[in-house]
Protein chains: 2
Amino acid sequence: MKLVVIGGNPAGLSAASAVRRAHRDWIIDVYEKGPYISYGSCGLPYYISGIVEDRDKLITITKEQFLEKRNIPVHIYQEVLSVNFNAKIVKVKDIKTNEIFEKGYDYLVIATGGKPKIRPEITLEHNNIFHVHTIEDADRVKNSLIRNDFKSGILLGAGYINLEMIEAYKALGIDDLTIVGPRLIFRTKSQDYIKEELEKHGIKVILGKYVKSLEAVSDKRLKISLGNGDSLEADFVQISIGVVPNTDIFNNTKLKMVRGAIIVDEYMRTNVENVFAAGDCTMVYHQILKQNMYIPLAPAANKQGRIAGNTIAGNKVDPFPGVVGTSVWKVFDLYCGKTGITGAEAKGLGYETDSVLIESNEIAHYYPNRGNQFELKMTTYLLFNVKTHHLLGAEITAPSPLGGKKIDVLATALAAKMKIEDIQKLDLSYAPPFAPVWDSILIAANVARKKCR
Amino acid sequence: MKLVVIGGNPAGLSAASAVRRAHRDWIIDVYEKGPYISYGSCGLPYYISGIVEDRDKLITITKEQFLEKRNIPVHIYQEVLSVNFNAKIVKVKDIKTNEIFEKGYDYLVIATGGKPKIRPEITLEHNNIFHVHTIEDADRVKNSLIRNDFKSGILLGAGYINLEMIEAYKALGIDDLTIVGPRLIFRTKSQDYIKEELEKHGIKVILGKYVKSLEAVSDKRLKISLGNGDSLEADFVQISIGVVPNTDIFNNTKLKMVRGAIIVDEYMRTNVENVFAAGDCTMVYHQILKQNMYIPLAPAANKQGRIAGNTIAGNKVDPFPGVVGTSVWKVFDLYCGKTGITGAEAKGLGYETDSVLIESNEIAHYYPNRGNQFELKMTTYLLFNVKTHHLLGAEITAPSPLGGKKIDVLATALAAKMKIEDIQKLDLSYAPPFAPVWDSILIAANVARKKCR
């Protein structure tokens with residue numbers, strides 16, 4: 001049997017590995033158009049900031065190791081141009097030689113990932129405009145920072161990447177930084193805590209303003225105009241306004257997609273026989289919204305890759321039930337997490353909801369946090385159905401990763417369809433270095449319970 | 001209505017507060033035999049070590065504040081000697097004046113807490129023998145450390161308190177320390193990681209040996225003899241071999257107890273009408289063992305106090321379903337947690353079990369942990385029913401509190417009666433400072449799933 005995998009990212013490689021473990025004799029080929037395999041964009045801000053000194057550390061496994069350990073060749077600089085689903089053939093271009101060849105398959109895994117979202121107003125190409133999606137992007141930023149003495153920068157978009165990149169730029173000595181976005185990930189009062197943290201570090205924050213244009217003032221200077229007539233200039237602009245599926249080659253094929261994201265079932269099967277898809281090129285089922293969504297995040301991508309591979313291999317494998325919408329991120333010394341749905345989404349589902357946002361200590365009030373600091377306050381937000389008492393969503397901001405990662409308890413509660421009273425009763429752990437006696441989640445649930453019918 | 005509460009600890013004060021919130025006109029009196037109210041013994045090691053400089057910080061609320069904020073008098077140095085359940089009267093002794101008086105009640109809350117367990121072999125009284133249960137105990141240790149130049153110490157018992165006290169003594173410059181206990185809390189290979197951490201800090205660890213006697217060598221020197229003929233000497237001995245219910249005054253009364261622990265229902269009602277009990281003097285229902293256990297830990301005590309008070313007040317309140325056996329603790333730079341039951345307990349319940357213990361990174365392999373350290377390894381142990389696939393227990397050791405507190409995810413999974421395949425599918429959060437893409441819990445579940453039938 002012949003398996004072809006398009007994309008040398010973790011989703012594609014997971015699928016290939018699972019097949020190889022079951023079938024030593026299958027012919028498996030992975031095609032990757034870039035020079036690197038097996039990394040996520042999540043680590044790039046830390047490479048740019050210098051927290052991660054060695055770029056190789058971002059890569060979990062090299063193509064040489066993958067060949068040696070798994071006996072699977074990963075062909076870098078080889079771009080799949082198209083797929084003939086009827087003939088079961090992929091057309092591949094060798095980017096270095098421009099040679100084009102065809103390769104047949106019995107099974108195909110599409111793991112083409114995502115690519116940076118763009119908007120027509122901000123498509124300008126300029127030496128000092130950056131994206132951070134690939135290792136090559138990160139190298140370009142690093143080299144540009146060495147060559148230029150940037151004093152100011154504007155970050156367009158206020159998602160995970162840019163909130164992490166701000167810290168990188170600040171750490172590299174660029175003091176005049178502005179972030180421009182619709183909001184700061186959260187859609188509740190929780191985002192005030194992020195704004196405060198950014199401003200505490202001297203970052204200017206512009207929210208909810210439409211970005212009308214991005215222009216070059218000179219080859220060293222850029223200008224952004226906002227819908228309200230304001231404009232701002234800086235030495236560089238970094239754009240990160242989201243990710244879209246990297247699936248253009250499947251436009252006008254029989255592969256079923258929604259807004260470019262491939263539709264898969266709970267075993268990562270597409271609508272085309274023997275064709276599977278996994279990772280940031282796919283839709284993922286949202287268990288609380290009860291519909292497919294485009295949420296390109298690494299944990300689901302890795303699970304999907306594993307399940308796709310095991311399904312192809314013929315292994316018994318549990319179906320993928322989708323996600324509940326969990327994520328965590330760091331903004332300077334604030335560690336944030338969210339899971340579930342928003343108030344607006346809950347309203348869209350017809351739920352009658354209420355919410356609580358409580359401030360509490362992350363750990364015992366007398367225990368020093370992170371060495372000598374006594375900044376212990378964290379916030380916990382719960383959204384719930386006032387009639388059925390079911391938890392619908394949660395948000396956390398905290399002074400250390402300990403607090404941010406507590407979002408997982410609420411993600412688990414969501415997966416278990418817990419009610420607020422179930423959460424109140426959870427036997428959560430306590431010791432002074434870990435939590436107060438009343439864990440913030442229990443305090444929030446106690447307050448929420450009073451608002452339930 | 002008249003409410004009497006015996007014990008000025010968090011359980012008793014929670015109950016009193018809940019009643020007061022509902023009934024401004026009730027007469028409420030709290031009797032506390034010691035000088036301090038509203039603290040837990042969990043903070044004492046950090047006070048002794050100096051991490052917590054100010055003793056007052058250990059106290060959540062003073063009696064003056066409690067009177068002012070809640071309008072509830074807490075009578076310190078007033079010991080309840082006995083209760084006449086038929087006449088609904090408590091007999092109280094003022095420890096300072098030796099005056100004895102009686103007080104009637106309509107409702108009684110017993111929150112007498114726990115006291116250090118003793119064994120006949122180690123009842124010696126000596127200036128250099130310490131217990132750490134009350135603030136007075138902690139002061140005695142601190143004063144003794146100032147007066148004496150201790151070079152060596154033996155800690156009898158290897159539970160939460162002593163594992164934390166070792167670090168305190170070490171921080172205070174005492175280098176020759178030995179811990180003696182049946183085991184290091186865990187009953188699996190997980191305890192090897194604790195042993196390694198202790199030995200890394202120069203602590204001698206003696207496990208599984210019977211302690212035959214504790215004798216004075218001089219007024220400055222103590223000797224312990226072990227069952228195997230070995231003996232060891234040190235300048236001081238700290239004893240902390242467990243906690244037992246502080247309920248002697250109820251022996252030979254109609255109050256129903258098991259091994260001194262008061263039996264309560266899910267609303268904290270005892271078998272005596274209008275008499276409630278909460279905290280470390282009670283049995284607590286273990287949801288996985290499906291039986292009452294004596295597990296004196298603060299989170300349950302606080303929940304019980306709240307429920308007792310609300311029940312007495314006539315408020316609608318959800319019953320207390322008991323615990324799943326969660327706890328966390330710190331041993332130098334190792335952060336540990338456990339939840340659920342042990343393999344032996346599972347066998348006792350007739351379950352056919354298997355387990356996994358995996359090593360993984362706590363956070364992304366390229367992200368520096370706690371500043372500049374790259375000690376990222378954590379361990380995750382899962383015990384499960386191989387037939388039904390249900391999770392039964394879990395243990396974690398980790399290099400930071402972030403990893404230790406992840407035990408709460410598994411405590412939540414236990415409360416939700418999750419199977420291993422449910423845990424595999426959890427949408428746990430990921431970002432490099434918080435976790436690897438495959439969270440340790442997911443890795444462990446993936447391995448465990450292969451061992452399920």
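Keep in mind the model is a prediction, meaning the values are calculated, not measured. Proteins get letters first, then strands, A, B, ... in listed order; numbering begins at 1 in each.
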Contact check, side chains of Asp427(A) and Gln287(B), non-hydrogen atoms, under 4.5 Å:
no
Output the distance between atom CG (Leu58(A)) and atom OH (Tyr367(B)), rounded to the nearest 0.5 Å.
13.0 Å
Give a yes or no on whether Glu266(B) atom CD has more than 12 heavy-atom contacts from other residues, nucleotides or ligands under 6.0 Å away.
yes
Top residue by heavy-atom pair count (under 4.5 Å) with chain B, among Ala415(A), Pro321(A), Gly322(A)?
Pro321(A)
Which atoms of Lys316(B) approach chain A - backbone, side chain, both or neither, heavy atom under 4.5 Å
side chain
Nearest heavy-atom pair of Val328(B) and Ala431(A): which atoms, and what distance?
O-CB, 3.4 Å
Heavy atom to heavy atom, less than 4.5 Å: which residues from residues 40-48 of chain A reach chain B?
Cys42(A), Gly43(A), Tyr46(A)
Do Leu428(B) and Thr412(A) make a side-chain contact, defined as non-hydrogen atoms from C-beta onward lying under 4.5 Å apart?
yes
Hey, which of Pro10(A), Ala413(A), Ala298(A), Ala411(A) has the most heavy atom pairs under 4.5 Å with chain B?
Ala298(A)
Counting C-beta onward and ignoring hydrogens, is there a side-chain heavy-atom pair between Arg306(A) and Asn446(B) closer than 4.5 Å?
yes
Within this structure, what is the OH-CD1 distance for the pair Tyr366(A) and Ile59(B), rounded to the nearest 0.5 Å?
11.0 Å
As an exercise, state the distance from CG of Asp408(A) to CD1 of Ile441(B), rounded to the nearest 0.5 Å.
7.0 Å
Could you state the interatomic distance from CG (Asn302(A)) to OH (Tyr430(B)), rounded to the nearest 0.5 Å?
8.5 Å
With a 4.5 angstrom heavy-atom cut-off, could you sort out which part of Leu442(A) is near chain B: side chain, backbone, both or neither?
side chain
Which atoms of Asp439(A) come close to chain B, meaning under 4.5 Å heavy atom to heavy atom: side chain ones, backbone ones, both, or neither?
side chain
So that I can tick it off, tell me whether Asp318(B) and Lys425(A) are bridged by a salt bridge, with the cut-off set at under 4.0 angstrom between side-chain N and carboxylate O.
no
Report which part of Leu426(B) has an atom under 4.5 Å of a heavy atom belonging to chain A: side chain, backbone, both, or neither.
both
Could you grab the distance from atom NZ of Lys405(A) to atom NZ of Lys405(B), nearest 0.5 Å is fine?
13.5 Å
Side chain, backbone, both or neither: which part of Gln424(B) has a non-hydrogen atom closer than 4.5 Å to chain A?
both
Could you grab the distance from atom NZ of Lys303(B) to atom CH2 of Trp438(A), nearest 0.5 Å is fine?
6.5 Å
Relative to chain B, which of Asp54(A), Thr326(A), Val323(A), Thr339(A) shows the most heavy atom pairs under 4.5 Å?
Thr326(A)
If you count every heavy atom of other residues, nucleotides or ligands that lies below 6.0 Å from Gln65(A) atom CD, does the total exceed 12?
yes
Ranked by heavy-atom pairs below 4.5 Å to chain B, first place among Met418(A), Glu421(A), Glu164(A) goes to Met418(A)
So, for Phe434(A) and Trp329(B), which heavy atoms are closest and what is the spacing to 0.1 Å?
CZ-O, 3.5 Å
If you tally heavy-atom pairs under 4.5 Å between each of Gly325(A), Pro432(A), Ala435(A) and chain B, the highest tally belongs to Pro432(A)
